[in-house]
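Only one structure is covered here, and it is reproduced in the block below.
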Number of protein chains: 2
Amino acid sequence: MIRKKARRTMGGETYKSMAGQKDNEVPAIRTLADLARVAGVSTGTVSRALAGKSLVNVETRERIQTLAREHGFRPNQMASKLRSRRTGVIGVVIPLGHELRQHISDPFFLTLVGYLADELTEGGYDLMLSRALPDGTSDWLDRIAGSGMVDGVIVIGQSDQYDLIEAASHSYRPLVVWGQHRAGQNHCVVGTDNAAGGRIAVEHLVASGATSLAFLGDTTGIEIADRLRGATEAATAAGVPIRHIPIPLATDAMGPEIEAAMASQCSGINGVVAASDLVAMAALRCLHQKGMRVPEDVQIVGFDDLPLAAQTSPPLTTIRQEIAAGARAMVERLRALVEKEPATSLVMAPTLVVRQSTRAEG
Amino acid sequence: MIRKKARRTMGGETYKSMAGQKDNEVPAIRTLADLARVAGVSTGTVSRALAGKSLVNVETRERIQTLAREHGFRPNQMASKLRSRRTGVIGVVIPLGHELRQHISDPFFLTLVGYLADELTEGGYDLMLSRALPDGTSDWLDRIAGSGMVDGVIVIGQSDQYDLIEAASHSYRPLVVWGQHRAGQNHCVVGTDNAAGGRIAVEHLVASGATSLAFLGDTTGIEIADRLRGATEAATAAGVPIRHIPIPLATDAMGPEIEAAMASQCSGINGVVAASDLVAMAALRCLHQKGMRVPEDVQIVGFDDLPLAAQTSPPLTTIRQEIAAGARAMVERLRALVEKEPATSLVMAPTLVVRQSTRAEG
DNA sequence: ACCCCTATTGCAATCGATTGCATAAGCCAT
DNA sequence: ATGGCTTATGCAATCGATTGCAATAGGGGT
């Protein structure tokens, strides 16, 4: 045990004294103080020079900047952020509340993450990605928000954590959520009018001849529940029957379940509203295997308009969510909140993108 | 000017004194010192107690931990990381060297990011996501590696930055790259044997009756170039002609270009090796529109085996890359490197996944 | 009764950059 | 020549947690 202890200590020492000297002949400049010594000025001046402040002499500033570049010096961010009380990092969290099987690699989430990464990088922020598995303790949001590591938090999808998010938003301000808006809610949300999306989908199906509908998708997530609500309303208004088939949204488990569900419950259905493009794709494939033609025998409308919706055969008619615009809006709002300014929620109108998985209207 | 200065100072003060008091009646405990005062001990003891060290009395430790939980106190990570010289953050970078149009939301990258997020979170690390647009200055890797914000860096895809990565690996150790392995390289890489993948694809196509082949995909990325090389070797060995059609891999621009390319160059082709599943999907759709049947008229083999490869119609025969296993391997290796232990590169064997876009062999 | 030892706890230096304030130098006007 | 002003720089406190070392108290052995 003593030996182990000794070894560890020595290891630490070795690390410290050798760090950065392996491939550099020069003594390696690691801190502001090092650079200050080389430049013959104080650390304060170096700090100001590197920050490009006008307080320092132009000549001095450039000399120091050149020196820093030559030595590949970059100030330690940890120290900087500690002192300036600003991290320049935004936390992006995906709560996986219902359906633990729904992996973080869900295409919709990842597409949104991609756009967020672009927007945040553009604005000089870094992006810290976390997945949260809410358990009983329910401190997943506090943990990341209160860690002192991030200036603000973006939550992608409310899952079944709506109440917790709403509660957290009262004490933690720089918080923007992708999801469903409810009247009177406190937290700033950006999302799509899901009910309208469901309605539009059904109206399109009815207009192009569908007479017996199904809604495919589990409605634990409140966004999905709202899509079903809109779809049901429109179906009722049109006098067309609609059946709800709550298959899970998890990518990997979708295949078998959808086949079982469709085999047993879908006889006579000629119009399908899918909770997402992925569900629609699974349905497409399932129908194809059963020898049903799309859109001749059954019409399908997806939801999301992911890039790959245009790549299926037939290409998918779908309800488009403006993911890129949404990402931009979220970052704008979060920045406002970080600056202590107010921000209002945004509910975007969904649009129908007609491709070839439905017939022409009329 | 004086007024402005004064205002700024006051603003700062206000922020400081009011922070965290908005929704809390209690004076809010923000620092170790605050908690120490409440608990009647020193900050050192609190620090040790929260870290769960055995040095402190069990009783005291539990009292402090309870107190911390009650007040929702969480130590400031910036300070902690500064002192302990360990950030617990891994940087994940996607260099977009060739093809700036290739968005960060490329499904393959994002799938890998998803798995990495899972693996890293599991291991107690956070993940900082960056996209890098290498320009002339070429310091994108140093910038993130030397920022002091991360313990290590994972680079997803070498793009056309192989030399820069190789160079950086000499001075920056905790670095693991997803991509192509070259003999004698210094940086630790995890990836697939791309040449073997190309070879397998061609062998399968030939075995199932293809007599005139095409390879679809731009080969600026060295991984893709290697796939083409393997494919060409196998075609030559089998005495079957193969044509290279360098369409770009960018998702959005793929549609039109692939159609133009296939229209002009693909007459007589009955076997296609795609550089990725996405390219394969585009080809699939294109052929479908032209009335060609897959696999009866043309057979297609994709590359990657993304989850959605099973969802196309017909489902895609493809060369599988072990993305999940790769992510795990990368994290394992990175952890070793962070601990100053050696790590060796890993080249995984690709496997053929036969679905319905190719005919039965023999 | 005295000394040694161990289990706890406090003290203060430290990580590295930032920034308010003080200081110094240079310049102009009186 | 002196005071006022601008510009440039240095000094030292500060951000908040960690940790080596010192100090204290209580327990046991002789």
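Just the heavy atoms: all of them, side chains too, but no hydrogens, waters or symmetry mates, feed the values below. Here is the naming used below: chain letters follow the sequence lines, and residue numbers restart at 1 for every chain.
The stretch residues 46-56 of chain B comes close to DNA chain D through B:Ser47, B:Arg48, B:Lys53, each having a heavy atom under 4.0 Å from the strand.
Distance check: A:Ile165 CD1 to A:His170 NE2 gives 12.5 Å after rounding to the nearest 0.5 Å. Taking CE of B:Met128 as the start and CE of A:Met128 as the end, the distance is 8.5 Å to the nearest 0.5 Å. To the nearest 0.5 Å, atoms CD1 (B:Ile156) and CG (B:Leu129) are separated by 7.5 Å. If you take CG on B:Asn76 and CG on B:Leu32, they are separated by 9.5 Å, rounding to the nearest 0.5 Å.
Remark: A:Arg83 is not in phosphate contact with C:dT19, judged by side-chain N or O atoms under 4.0 Å from OP1 or OP2. Between B:Ser80 and D:dT18 there is a side-chain N or O to OP1 or OP2 distance below 4.0 Å. Between B:Thr60 and the phosphate of C:dT9, there is a side-chain N or O to OP1/OP2 separation shorter than 4.0 Å. Regarding contacts with the backbone of D:dG10, a side-chain N or O of A:Ser42 is found under 4.0 angstrom from either OP1 or OP2. OP1 or OP2 of C:dG16 has at least one side-chain nitrogen or oxygen of B:Arg85 nearer than 4.0 Å.
For the pair B:Ser84 and B:Gly44, nearest-nucleotide mapping onto DNA chain C gives the more 5' position to B:Gly44. Taking the nucleotide of DNA chain D with the nearest heavy atom to each of A:Thr43 and A:Asn57, the more 5' of the two is matched to A:Asn57.
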Without placing hydrogens or testing angles, list every side-chain donor-acceptor pair under 3.5 Å for residues 44-52 of chain B, not counting sequence neighbours.
unit_1: B:Thr45; atom_1: OG1; unit_2: B:Ser42; atom_2: OG; d: 3.3

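Look at CG on A:Leu32: it is 14 Å from C1' on D:dG10, rounded to the nearest Å. Atom CD1 in A:Ile29 sits roughly 11 Å away from atom P in C:dA17 (whole-Å rounding). For the pair B:Arg86 CZ and D:dT19 C1', the computed distance is 17 Å after rounding to whole Å. When rounded to the nearest whole Å, the span between CE of A:Met149 and P of D:dA17 equals 14 Å.
Using a 4.5 Å heavy-atom cutoff, the side chains of B:Tyr162 and B:His187 are in contact.
The nucleotide whose nearest atom lies closest to any side-chain atom of A:Asn76 is, among C:dC15, C:dA17, D:dC15, C:dA17.
Residue A:Asp34 comes nearest to A:Ala28 through the heavy atom pair OD2-O, 4.1 Å, listed as atom of the first residue, atom of the second, then distance.
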